[in-house]
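Side-chain atoms are counted along with the backbone in the values below, which use heavy atoms only and exclude waters and symmetry mates. Residue numbering restarts at 1 for every chain, and letters A, B, ... go by the order of the sequence lines.
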Amino acid sequence: MTSETATSRYNFKETEAKWQSLWEESGCFNVEIDPEKPKYYVLEMFPYPSGRIHMGHVRNYTMGDVVARYKRAQGFNVLHPMGWDAFGMPAENAAMEQRVHPGKWTYENIAMMRSQLRKMGLALDWSRELATCHPGYYESEQRMFLKFLEQDLVYRRRSSVNWDPVDNTVLANEQVIDGLGWRSGAPVERRELDQWFFRITDFSEELLEGLKNLERWPAKVRTMQENWIGRSEGMKVWFELEGHDDRLQIFTTRHDTIFGATFCAISPDHPLSKDLAQNDADLTTFIEECRSLGTTEAALEKAEKRGYKTGLRAKHPLTEGKTIPVFVANFVLMEYGTGAIYGCPAHDQRDLDFARKYNLDVIPVVIPPDADPADFAVDDVAYTDDGLHANSDFLDGLGLADAKEAVANVLEEKEIGNREINFRLRDWGVSRQRYWGCPIPIINCPDCGTIPVPESELPVCLPDDIDFEKPGNPLDRHPTWKFVDCPKCGSAAERETDTLDTFVESSWYFSRFCCPRSEDPVDSEAMEYWMPVDQYIGGIEHAILHLLYSRFFTRAMQKCGYIDFDEPFAGLFTQGMVCHETYRTDDGEWLMPTQVESDDGGSLKSVENGAAVQVGRSEKMSKSKKNVVDPEDIIETYGADTARWFMLSDSPPDRDLEWTDSGVAGSWRFVNRLWRLVAENADQERAAEPEKFDKELRAVRQQVHQTIGGVTDDLEGFHFNRAVARIYELVNALSGVGAGTTEERWVLREGLKIMVQLIGPMMPHLAEELWSRLGNTTSLADEPWPKADKDLMASETVTLAVQVRGKLRATIEVPHDVDQESAEAAALAEPAVVAALEGKTVNRIIYVPNKIINVVHG
RNA sequence: GCCCGCUUGGCGGAAUUGGUAGACGCAACGGACUUAAAAUCCGUUGUCCGAAAGGGCGUGCCGGUUCGAGUCCGGCAGCGGGCACCA
């Protein structure tokens, strides 16, 4: 560019700052309850203030902003708030590593990230900003905790944690690496502590049923939650033990296979296991080994299936005189069912593997339909499908369902078994032995037990003067904080030093956004108007825990009378991750994209020392692999609109997005192309609408109006990448229109105006700027969404594909909705069709109006 | 291990309910403009055969349903998410 002209490069820095301050001054995105207007609540999962925003945030908040701005243009009163999920472990880790107070670290991060988010130009109501680590927020949480306690939604019981015996601290699962503590490297033990639990299992059935009505949730998330809740209909059955006073209660969902039972297995945590271990040193060792596996389900499931033969024998409940051995087995979970099972190896793969390992009998009792009962045997693959029962006394000849029914009736009659509905879902353990969380407002009195902190003394604030020099819970170590008098008897007592799981804060923040400064946890008028969230957007990694806990918490709040709805999120969208190539030197050192450049030969080398760099496959951007691109760098170089546009282009929002420098550069070129296109055509006079347009201009106008319809549908359906493609096509078409005639100029103006409106939600700063350059004095943010002219959208002719036996041979142009006879005649007259049909007899012709015509020959 | 997804050109992807596979973008190549470069504009680009016209093959792999399958069904492989104390 030789001189600065009207068509010089778009100055995004100036323009973006200008519009951001105009939006802020006018407060146009700050909203109040307005009974006259329909509301729309858009929410992205709020960020953890880790330090700087990352590309995942940019993608998430761009999508939410598109929805917010689009719905606003559609006339909704749009609530679009932002806040901080501010409690959590990283703040404590920073405290230990950098000797900075978790609160200071968190608030500084929030300030940094807030300023970064502001540069994105998001249509947010910042007046509602909240941070969960603020006493104003967690006081409400403490009130609700006490209310939950009153309503018996909270209880305390012993439960195991990962214990680091060297650091004397509880470890999170992610802090346990291959069974060792991440800092100490010591083998982690499982230790039992008294911990607080929410009774989420009281709502198992409701949480499952509720999924059916969540029509605007992805089916896969509903399926995942369904499986997580894991409802199963089965039986609890009592087994007498030979030479032992206790009975053993097992749970099974395959009671039809009871005659195939060849062993019983109990959890290492089962009371009977503990009982037996007292007189059995080997069993004690075995149980300890099981406990060294850690607390995660994945670790237990992946571990080799092992058992310990207790020597006890269980009496078969339906076969007189038959006994089967009782094992302690590492794969039986105390948390599920009764912590005891019977094994039927022929019809359960895990039982079969176990039976082969310990030489137990395998008795087939369900015969596949195509097998001979006389010689059907199970080898290494269990038969788990339906069939007729055999070797099963009164069940012989029955199918699976009938056999279950018959067994259930007999066992219930004998009063040694009950039909039971069982859930996989376990109660939610909310105790954390950490500082940076919401204090649990309880006082433990040696005489009175657990006593709630009186409401007048809330909030129970975290002490500021804490010591992170030693590992473990600083609250517990604090010289004075926990020592209080019992509110009931006045004698010396101690505060609960556990804090709440940070999932608790994120289980109701969406309600608090509706009334962020309310004295009560929530304000009923605000709840009534704003809730539920109409569109919730966040990562698929939250498909189960966060979303299920929020659904539970909402029901618990309902039970306590805070609200009168049960589902918090009417619509859910789960976005994909942002990925980037990985770079590694031959020494195995990871490099950031900015530390890599290409050499003359086109291969990559380190900027620093020229060492050869290998390109790895694209993976989720992560600090550990250094494949991160800092959003602030991108916004500095290209502006927020370019970053937003790139986030929306190409990749479908629910899939992973591949970050490429060339793709961003492409978006930047497009931004400038729009800028020039409008600049070159903005000054034309606005003439009255011409009476007639020629065919080409009619086609352009048709495309303009079809694009309105298409983009509208795409935004409604979260197909942002398709909306982007349509806008590219529209701009390509508009670029081809000359500005010579009045008609051309009029069509161009119409097209540009609509194009600017359509990009408004996606590139808001550029759109506002172009909108004003087109001569408008209003803010585009206040402009209604364009409406398509239906008459213009419809076309008169369609292209029909002509197939011969399913193979495309020609395409023909026919009038819209042409009758079959004319279509057939036109198709059969096509030379290519004639050639393909030569010497053949036509058997039938399939005609799908406006789509295809398929000629089928013999 | 269990549950849930995903797989289409060199790359990201498009293809309303089964109906013209590859829109749009990126990259690459060729050309225009320029003293030159950048920027911009125009063109080509799934693959194989062919000078061309045209034709064969093609949506991870194997099989099925159908006049017709990227789309539906069965099986397999690879990759990713979750697995209850990361958020």
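- At a threshold of 4.0 angstrom between heavy atoms, the contacts of A/Arg669 are confined to the sugar-phosphate backbone, with no base atom among them.
- Contact annotation: A/Arg655 reaches the phosphate of B/G13 (side-chain N/O to OP1 or OP2, under 4.0 Å).
- In this structure, A/Ala298 reaches the bases: a heavy-atom distance under 4.0 Å links it to at least one base atom across the strands shown.
- Side-chain nitrogen and oxygen atoms of A/Thr502 include at least one within less than 4.0 Å of the OP1 or OP2 phosphate oxygen of B/A87.
- Using a 4.0 Å heavy-atom criterion, one finds that A/Ser431 contacts the bases of the nucleic acid, with or without backbone contacts as well.
- Residue A/Phe503 is classed as a base contact, given a heavy-atom separation below 4.0 Å to a base.
- Listed pair A/Asn227 / B/C4 meets the phosphate criterion, a side-chain N or O lying under 4.0 Å from OP1 or OP2.
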Exercise for the section: Go through A/Ser232 and A/Asn422 one step at a time and tell me if the side chain to side chain donor-acceptor pair (under 3.5 Å) criterion holds. Expected result: CA-CA 5 Å; A/Ser232 59; A/Asn422 192 55; 4.5 Å; no

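- In this model, a side-chain donor or acceptor of A/Gln803 finds a partner on the base of B/G19 within 3.5 Å.
- Between A/Arg805 and B/C67 there is no side-chain polar atom (N or O) within less than 4.0 angstrom of OP1 or OP2.
- In this structure, A/Ser651 reaches the sugar-phosphate backbone alone: every heavy-atom distance under 4.0 Å involves primed, P, OP1 or OP2 atoms, never a base.
- Using a 4.0 Å cut-off, some side-chain N or O of A/Lys807 falls inside it from OP1 or OP2 of B/C57.
- Counting any heavy atom pair closer than 4.0 Å across all strands shown, A/Ser667 reaches no nucleic acid atom.
- Base engagement by A/Arg424 is indicated by at least one non-hydrogen atom pair under 4.0 Å involving a base atom.
- Using a 4.0 Å heavy-atom distance criterion, A/Val176 is classed as making no nucleic acid contact.
- At a threshold of 4.0 angstrom between heavy atoms, the contacts of A/His542 include nucleobase atoms, whether or not backbone atoms are also involved.
- Across all strands, A/Pro47 comes closer than 4.0 Å to no nucleic acid atom at all (heavy-atom distances).
- A/Trp428 comes within 4.0 angstrom of nothing in the nucleic acid, heavy atoms only.
- Of the side-chain N and O atoms in A/Asn721, one or more sit less than 4.0 angstrom from OP1 or OP2 of B/A14.
- If you check every strand for non-hydrogen atoms under 4.0 Å, A/Leu425 touches a base.
- Heavy atoms of A/Lys302 sit under 4.0 angstrom from at least one base atom.
- Nucleic acid contact for A/Asn732: sugar-phosphate only, since backbone atoms but no base atoms lie under 4.0 Å from a heavy atom of the residue.
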